[in-house]
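This report refers to the structure that appears directly beneath it.
What's counted below: heavy atoms across the whole structure, side chains too, no hydrogens, waters or symmetry copies. The residues of the chain are indexed from 1 along the displayed sequence.
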Amino acid sequence: MNKNFVTLKANAKINLALGVVSKRKDDYHNLKMVMQTLLLHDSIFIKKIDSSKIKINTNLPWLPTDEKNLVYKAVNVMQKKYKLSGGVYIEIVKNIPISAGLGGGSADCAATLISLRKLYNLNISMEELRDVGRSLGADVPYLLTQGTAFVEGTGDIITKLNPHPFVYIVLAKPKFNVSTEIVFKKLSKYPFIDNSKKINAMLTAIKNKNIYEISKNFFNDLEIVTATKYPIIYDIKRIMLENGAIGSIMSGSGPTVFGYFLTKKQAFNAIKILQKKGIKDIIFTGVFDRKKLKKQ
């Protein structure tokens, strides 16, 4: 490998289960989630440059490339913590929809942390890298781990699970964006629900590699907040379930809805119907298994 540059995939995520357990004194929430990475990914290219600057270029001209970008923040934190010399040039090819509940920005951030470890040959463990990630975003520690995982706390307690069986996935994002911060603030209007049974059922289904039981136990405590304001989320779920999906739910704080499909034919049929209903941002993908990739 040429040590002057690193290229890495930044995989998207979905929430198979998202339970809000309680609100903390620091205004964050304790969560219990089952998370899964997808084949859908952004691409990150990083190389060292003589300048001391952090230069970022993307295929989306409107995407911030300064301190507002999580990738920029990740480089800045690593430079200060590990006294990295010089600067870096970064290219981000975005395929994951923005502000969609799919962890795109956090995935890019996680891939950047891994890339910098490789680029500078840093002798640091993945656990240490996760500690850095915790300061950058709630989803970053998980997206450093990837695969199928049970995630607790504020996203910082991660237990790896058996790899998820392969299944085709359709992602459908309405034309609006959602603020995670606002969704959590509005969640306070709703009572907390004990989701222990649902979580346990999901974990058992994954252990048994039972796709039907996994999809049967999808749940997302944030869905009621986002879908109450944007009922089209319920419409997308209904269309998917009526056209071959064995399960469908909103991911994260939304607004993206995903559906599980056993065949490509069913998936593409659902896509055609969603398109006729005016949903334009639709992606066909599948689950990602970290064991099938080389160690990062």
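- Counting non-hydrogen atoms of neighbouring residues, nucleotides and ligands closer than 6.0 angstrom, the CG atom of D50 reaches no more than 12 such neighbours.
- Contact check for V77 versus V132: side-chain heavy atoms found under the 4.5 Å cut-off.
- T285 contributes a side-chain N or O that, together with a main-chain N or O of L40, makes up a donor-acceptor pair within less than 3.5 Å.
- Here L63 is tied into one hydrophobic group with L60, W62, I98, each link being a pair of ILVMFWY side chains closer than 4.5 Å.
- Residue pairs meeting the side chain to side chain donor-acceptor pair (under 3.5 Å) criterion with at least one member in residues 73-85, sequence neighbours excluded, are Y82-E128.
- Within the 3.5 Å criterion, the main-chain N or O of G147 finds a donor-acceptor partner in the side chain of T37.
- Under a cut-off of 6.0 angstrom, the local environment of OH in Y234 is crowded, with over 12 non-hydrogen atoms contributed by other residues, nucleotides or ligands.
- Judged by the 6.0 Å and 45° rule, K198 forms a cation-pi pair with F219.
- Judged by distance alone, with hydrogens and angles left aside, the side-chain atoms of S251 form a donor-acceptor pair with the main-chain N or O of N15 at under 3.5 Å.
- When atom types are taken as modelled, the side chain of D221 and the backbone of V20 share a donor-acceptor pair closer than 3.5 angstrom.
- Counting Ile, Leu, Val, Met, Phe, Trp and Tyr side chains that sit under 4.5 Å apart, directly or through other members, I193 stands alone, with no cluster partners.
- The environment of CD1 in I157 is crowded: more than 12 heavy-atom neighbours from other residues, nucleotides or ligands sit within 6.0 Å.
- Between I199 and K32 the shortest heavy-atom distance is CD1-O, 3.7 Å.
- Checked against V34 for a side chain to side chain contact (heavy atoms under 4.5 Å, CB included), the options V151, I14, L16 give a single hit: L16.
- The main-chain N or O of G101 is found under 3.5 Å from a side-chain atom of K13 such that the two form a donor-acceptor pair.
- Residue pairs satisfying the salt bridge (charged side-chain N to carboxylate O under 4.0 Å, His left out) criterion with at least one member in residues 87-96, sequence neighbours excluded, are listed as follows: D42-K94, K94-D108.
- Formation of a donor-acceptor pair under 3.5 Å by the E223 side chain with backbone atoms of M250 is found in this model.
- Distance CG/L119 to CD1/I46: 7.0 Å, rounded to 0.5 Å.
- A search for side-chain contact (heavy atoms from CB on, under 4.5 Å) contacts involving K265 returns T263, not counting sequence neighbours.
- Proximity of a side-chain donor or acceptor of T180 to a complementary backbone N or O of S253 within less than 3.5 Å is not detected.
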From CA spacing to verdict: ring-ring contact (aromatic ring centres under 6.0 Å, His included), F261, F284:
CA-CA 10 Å; F261 294 84; F284 172 72; 8.6 Å; no

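- Taking Ile, Leu, Val, Met, Phe, Trp and Tyr as hydrophobic and joining them when side-chain heavy atoms fall under 4.5 Å apart, one finds V21 isolated, its cluster having no other members.
- For the atom pair CD1 (I249) and CD1 (I236), the distance works out to 12.5 Å, reported to the nearest 0.5 Å.
- Heavy-atom minimum distance, V257 versus S248: CG1-OG, 3.3 Å.
- In this structure a side-chain-to-backbone donor-acceptor pair under 3.5 Å is present from R117 to I124.
- The two residues C109 and L136 make their nearest non-hydrogen contact at SG-CD1, 3.6 Å.
- Judged purely by atom type and a 3.5 angstrom limit, N95 uses its side chain to pair as donor or acceptor with the backbone of H41.
- Judged by distance alone, the side chain of T145 and the main-chain N or O of P141 form a donor-acceptor pair under 3.5 Å.
- Remark: K9 fails to qualify as a cation-pi partner of F288 under the 6.0 Å distance and 45° angle criteria applied to the six-membered ring.
- Between E127 and R134 there is a salt bridge, since a side-chain N of the basic residue sits under 4.0 Å from a carboxylate O of the acidic one.
- One finds the NZ atom of K186 at 9.5 Å from the OG1 atom of T228 (value rounded to the nearest 0.5 Å).
- Centroid-to-centroid, the aromatic rings of Y168 and Y260 stay 6.0 Å apart or farther.
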